[in-house]
Amino acid sequence: MRFILLLAALVGLALPASAQTSDFQTWLRGLRQDAMSEGISATTLDRAFAGVSPIARIIELDHQQPETTLTFAQYMERVVPPARRDAARQHYLDNKPLLDEIGRRYGVPPRYIVALWGIETDFGRKIGTCPVIAALATLAYDGRRSSFFRRELINALKIVETDHIDPQQMIGSWAGAMGQSQFMPSSFLAYAVSYRGGKAAPDIWNRTDDVFASIANYLASNGWRGDQRWGDQVRVPAALDSSQIGPAQKKPVAEWSALGVRNAKGDTLRGTADSIKNAALIEPGGGEGPAFLVYDNFRVILRWNNSTYFAVAVGALADSVD
């Protein structure tokens, strides 16, 4: 049946809904067996999969290729516009006591918490509307990256099992990222925290204290250094060998300064040469765009989302909060 479905997709044929449903139910029975072998109860599985069927729109989005690729300048204009910078400053002020408290507990400056919150969900306004269990089941069943989404689906079921979260309340993006921090289920299990403590489950959908603490915990757990920034925009001398540019070319800031790299104003680099040993020079927009020296915290942000554009945007939005 799976072969027939794939063949139909290739030649543009439409299969009867009953055939698609039958194949999904067969797949789902196998998934249930895997989940139960990992300690997930039949009761949880019945709750989680009640009424679940493949969502055609999610398959369409997963297979969709972007028509255009944004340049770095276009990406920054879209992701870190002046209005979002202003909003980041205001959200920090509105939540300052809580953010400062969480920042001290985890050793993460609040501006980075606000920046990730702002870029991921526009400060909690756009968390997605897809039921996470159904979305992940669709992606795990469809075949493209099925092993990854099957694992995330099992993790989502573990959240329902262990944290007693109603699967109907687990909403997020079409790819299964959840709540105001857009955690995949694996990240939720590893890093989500209930800031109020006790036996309450982390609520990254509705409670900003849990959202902020979970973001901070993610960064701290992945090696955030409280004594460093994410990076700095710099000027690069024209004579610098291009082989020195790239994330793998790490040097102490003092060496970059000796090579003629200067800050954005053209002055000597800030007094961090003694503490920053692993600075890399990157030009995300190519030679015609801005250049940045990026540090260990930049690489922590890449653990969140392995995109240079994204990591620079987080740093830039965080800087606007200062």
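Residue indices begin at 1 and follow the sequence shown.
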Checking the side chain of [X] only, and the main-chain atoms of [Y] only, is there a donor and an acceptor separated by less than 3.5 Å?
X	Y	result
E288	G285	no
R84	V79	yes
W256	A279	yes
S214	V193	yes
T138	I55	yes
N297	Q228	yes
T71	Q74	yes
N263	V234	no
S37	D34	yes
R262	V236	no

Could you state whether L302 and W117 fall into the same hydrophobic cluster, counting links through intermediate Ile, Leu, Val, Met, Phe, Trp or Tyr residues with side-chain heavy atoms under 4.5 angstrom apart?
-> yes
Would you call [X] and [Y] a side-chain contact if the rule is heavy atoms closer than 4.5 Å?
X	Y	answer
M76	V80	yes
R299	N278	yes
T44	P167	no
I119	F310	yes
R145	L139	no
D210	R196	yes
L153	V132	no
V108	I113	yes

Under 3.5 Å, is there a donor-acceptor pair linking the side chains of [X] and [Y]?
X	Y	result
S186	E152	yes
D232	Y295	yes
T26	R29	yes

Answer yes or no: is there an ion pair linking [X] with [Y], defined by an N-O contact shorter than 4.0 Å?
X	Y	value
D296	K277	no
K158	E161	no
D209	R207	yes
D46	R32	yes
R151	E38	yes

Just verifying a value: how many Å separate [X] [atom1] and [Y] [atom2], rounded to the nearest 0.5 Å?
X	Y	atom1	atom2	answer
L317	L116	CG	CG	9.0 Å
W27	Y141	CH2	OH	9.0 Å
K126	S173	NZ	OG	14.5 Å
T162	L189	OG1	CG	6.0 Å
M178	Q169	CE	CD	12.5 Å
R235	L240	CZ	CG	15.5 Å

Result for ring pair (Phe, Tyr, Trp, His ring centres under 6.0 Å) between W224 and one of Y106, W304, Y112 points to Y112
What is the minimum heavy-atom distance between [X] and [Y], and which atoms define it?
X	Y	result
A200	S194	O-CB, 3.3 Å
A175	F149	O-CE2, 3.5 Å
Q233	P290	NE2-CB, 3.5 Å
S187	Y218	OG-CE1, 3.9 Å

Might you work through the side chain to side chain donor-acceptor pair (under 3.5 Å) test for T208 and Q180, ending with a clear yes or no?
-> CA-CA 8 Å; T208 52; Q180 295 187 39; over 6 Å; no
Worked verdict on Q90 versus D86 for side chain to side chain donor-acceptor pair (under 3.5 Å) | CA-CA 6 Å; Q90 188 59 53; D86 292 341; over 6 Å; no
Applying side chain to side chain donor-acceptor pair (under 3.5 Å), run through N305 and S307 and close with a yes or a no.
-> CA-CA 6 Å; N305 182 330; S307 161; 4.6 Å; no
Can you give me every donor-acceptor pair (side chain of residues 96-103, partner residue at least two apart or in another chain, under 3.5 Å) with its distance?
{"from": "K96", "atom 1": "NZ", "to": "D100", "atom 2": "OD2", "distance (Å)": "2.7"}
{"from": "D100", "atom 1": "OD1", "to": "Y92", "atom 2": "OH", "distance (Å)": "3.1"}
{"from": "E101", "atom 1": "OE2", "to": "Y195", "atom 2": "OH", "distance (Å)": "2.6"}

Students often mix this up, so state it plainly: with edges at 30° and 60°, are the rings of [X] and [Y] parallel, tilted or perpendicular?
X	Y	answer
F72	F292	perpendicular
F188	W205	tilted
H91	F123	parallel

Neighbour count >12 (heavy atoms, 6.0 Å) for atom CZ, R78 | no
Show your reasoning for whether side-chain contact (heavy atoms from CB on, under 4.5 Å) applies to F49 and I133.
-> CA-CA 7 Å; F49 290 125; I133 298 292; 3.9 Å; yes
Residue pair D319, R229: steps toward the side-chain contact (heavy atoms from CB on, under 4.5 Å) verdict = CA-CA 9 Å; D319 287 348; R229 290 167 43 75; 3.2 Å; yes
Do V211 and N206 pass the side-chain contact (heavy atoms from CB on, under 4.5 Å) test, and can you show the C-alpha distance, the side-chain angles, and the key distance before you say yes or no?
-> CA-CA 8 Å; V211 174; N206 304 298; over 6 Å; no
Using ring-ring contact (aromatic ring centres under 6.0 Å, His included) as the criterion, list what pairs up with Y75, not counting sequence neighbours.
-> Y309
